[in-house]
Amino acid sequence: MDHNLQIGEATFHVRTEGDGSPIVLVHGFPLDHHMWDGVIEPLAEQHLVIAPDLRGFGQSTGDHEFFPMEMLADDIAAILDHLDVAEQVTFAGLSMGGYIAWQMWQRHRDRLARLVLLDTRAVADDEVQARARRVNAESVLSSGMGEVPGNMLPKLLSQSTRENKPRIAQTLTEMILRQNPRTVAAAQRGMSQRPDVRSWLPDIKIPTLVICGQHDLISPPEEMRELAACIPGAQFVEVPHVGHIVPMENPEATCVAILPFCADLE
Ligand code: MLT
């Protein structure tokens with residue numbers, strides 16, 4: 001079912017499917033909830049799946065110059081309130097969705113039963129990375145999204161996915177091209193100022209699953225394995241042959257990892 005929730009000055013487009021213990025799927029940058037299309041129905045056979053478009057992305061609205069990760073986490077809590085989801089949720093966030101997961105843990109941990117962290121990072125940007133984001137923000141504001149897929153796809157998808165699954169590359173390209181440059185710039189600025197959360201990891205005392213693509217260039221397996229080792233009891237799964245967008249590149253492996261992890265919440 002598709003919802004359009006008016007919350008404050010923004011309208012949030014949210015897809016929900018299924019019944020059972022809730023799983024919230026929070027997309028990466030610069031994407032929308034369609035990046036989860038391949039996993040929503042299999043997960044919804046056992047769970048209530050909640051897949052929002054973040055503020056300004058996809059079919060959601062909401063315009064700011066700067067999207068702090070804290071604000072995006074507060075938006076997710078407000079979406080859960082508007083959907084009357086009182087039960088604690090499994091929060092699954094990919095990359096930027098993972099940056100939001102840290103803030104959910106910090107600000108709304110009473111809402112969380114479990115975390116699934118896909119292809120994400122705990123470290124903050126260094127000065128070079130933060131400057132590159134500010135440059136990219138100005139560039140999309142002045143020139144639009146046209147150049148973005150060409151620049152990003154080699155970092156988002158493994159070579160094997162790009163060569164053997166061209167429809168995934170095409171779908172991802174179209175998803176990037178339809179994003180609003182003002183939103184993309186605001187998220188870049190927000191991500192450039194996100195905190196280093198490594199010191200938070202040992203305090204995460206809820207069940208946590210960490211998933212990483214073997215060829216992820218943005219959040220590589222060595223870094224994510226280390227991240228998982230800092231979270232007490234966290235499980236780590238590396239998915240072979242894929243890059244940064246594991247749920248699109250291999251939805252089956254994503255579900256094979258998530259469903260047993262959530263089994264006692266069914
Ligand atoms: C994402 O997939 O959300 C981005 O790679 C996050 C980032 O730019 O750090």
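Note: hydrogens, waters and symmetry copies are ignored here, and every other heavy atom, side chains too, is used. Just so you know, ligand 1 is whichever comes first in the structure, and atom 1 is the first atom listed for that ligand.
Both tests do not hold together for R55 against F12: distance to the six-membered ring centre under 6.0 Å, angle to the ring axis within 45°.
Scanning the protein heavy atoms around atom 1 (C) of ligand 1, the nearest turns out to be S95 OG, 2.8 Å. Nearest to atom 3 (O) of ligand 1 among the protein's heavy atoms is F29 N, 2.7 Å.
A donor-acceptor contact under 3.5 angstrom links the side chains of D53 and H33, judged on distance only.
Distances from ligand 1 to the non-hydrogen atoms of R133 include at least one value under 4.0 Å.
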All N/O donor-acceptor pairs, side-chain side in residues 186-195, below 3.5 Å, sequence neighbours left out:
residue: Q188; atom: OE1; partner: R133; partner atom: NH1; Å: 2.9
residue: R189; atom: NH1; partner: E65; partner atom: O; Å: 2.8
residue: R189; atom: NH2; partner: E138; partner atom: OE2; Å: 3.3
residue: S192; atom: OG; partner: R189; partner atom: O; Å: 2.7
residue: R194; atom: NH1; partner: D125; partner atom: OD1; Å: 2.7
residue: R194; atom: NH1; partner: M191; partner atom: O; Å: 3.1
residue: R194; atom: NH2; partner: V123; partner atom: O; Å: 2.9
residue: R194; atom: NH2; partner: D125; partner atom: OD1; Å: 3.4

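Distances below 4.0 Å separate heavy atoms of G28 from the following atoms of ligand 1: 3 (O).
Here the shortest heavy-atom distance to atom 2 (O) of ligand 1, taken over Q188, M96, H244, belongs to H244.
Side-chain rings of H215 and H241 stay apart, their centers remaining 6.0 Å or farther from each other.
E17 and R15 are joined by a salt bridge, as a carboxylate oxygen and a charged side-chain nitrogen come within less than 4.0 angstrom of each other.
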